**Student:** 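Before we start, here is the structure in question, set down as structure tokens.
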Amino acid sequence: MDKMEIAKAKILRGNIIEKLYACYGEDITVSSLKQVLAYKGYNSDQEIKKAVYYLAGAKKEYVKLVYNKENYMDSLIWLTPTGVNLAEGDIVDKGVVIDE
């Protein structure tokens, strides 16, 4: 992975955190998240899936994902309290770029 792809992945993760922060307290489907991210130019299911798995990882747990085995895009996702701390700048993750 080159530096440009790494930077894009970090920005995508930050955009996901920002979008989930905007609707904090509610769970949304991954397909709804994808629609919102499309305005920022992210259309790849694979890119979004990788970013969500990074953010939901056991060491991170910024987001909670309830995986739908039949259709990944129908999986539910929401921001955890740790994710709120990340969105508000109380904690920093070098793998996530939050626009301010």
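In this text the structure is predicted, and so the values were computed from the model without any measurement. Numbering starts at 1 and runs along the sequence shown.
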**Student:** Say you draw a straight line from CD1 of I28 to OG of S75; how long is it, rounded to the nearest 0.5 Å?
**Tutor:** 12.0 Å

**Student:** What residues, two or more places apart in sequence or in another chain, satisfy side-chain contact (heavy atoms from CB on, under 4.5 Å) together with T80?
**Tutor:** K64, T82

**Student:** Could you go through the side-chain contact (heavy atoms from CB on, under 4.5 Å) check for D93 and Y62 one step at a time?
**Tutor:** CA-CA 10 Å; D93 183 320; Y62 302 132; 2.8 Å; yes

**Student:** Return the set of residues passing side-chain contact (heavy atoms from CB on, under 4.5 Å) with K19 (not counting sequence neighbours), or none when no residue passes.
**Tutor:** L33, V36, L37, K40

**Student:** Test of understanding: with side-chain contact (heavy atoms from CB on, under 4.5 Å), list the residues that count as partners of Q35, not counting sequence neighbours.
**Tutor:** none

**Student:** Should L12 and Y54 be marked as a side-chain contact (heavy atoms from CB on, under 4.5 Å) after you check the CA-CA gap, both sets of side-chain angles, and the distance that decides it?
**Tutor:** CA-CA 11 Å; L12 173 58; Y54 176 91; over 6 Å; no

**Student:** Without swapping roles, check the side chain of R13 against the backbone of G95 for a donor-acceptor pair under 3.5 Å.
**Tutor:** yes

**Student:** Report yes or no: does E47 contribute a side-chain atom to a donor-acceptor pair with the main-chain N or O of A9 at less than 3.5 Å?
**Tutor:** no

**Student:** Quick check: do V52 and Y67 have side-chain heavy atoms less than 4.5 Å from each other?
**Tutor:** no

**Student:** Could you list all the salt bridge (Lys or Arg N to Asp or Glu O under 4.0 Å) pairs where at least one residue sits in residues 26-39, not counting sequence neighbours?
**Tutor:** K34-D45

**Student:** Assess, by modelled atom type and distance only, whether the side chains of Y39 and N15 contain a donor and an acceptor separated by less than 3.5 Å.
**Tutor:** no

**Student:** So, taking the atom named CD1 in I77 and the one named CG in L55, what distance separates them when rounded to the nearest 0.5 Å?
**Tutor:** 7.5 Å

**Student:** Nearest 0.5 Å please: distance from the CD1 atom of I11 over to the CD1 atom of I98.
**Tutor:** 11.0 Å

**Student:** Quick one: hydrophobic cluster around W78, which other residues, with the 4.5 Å side-chain cut-off, linked directly or via members?
**Tutor:** V66, L76

**Student:** Holding to side-chain contact (heavy atoms from CB on, under 4.5 Å), I want the full list of residues that pass it with Y21, two or more places apart in sequence or in another chain.
**Tutor:** L79, V84, A87, E88

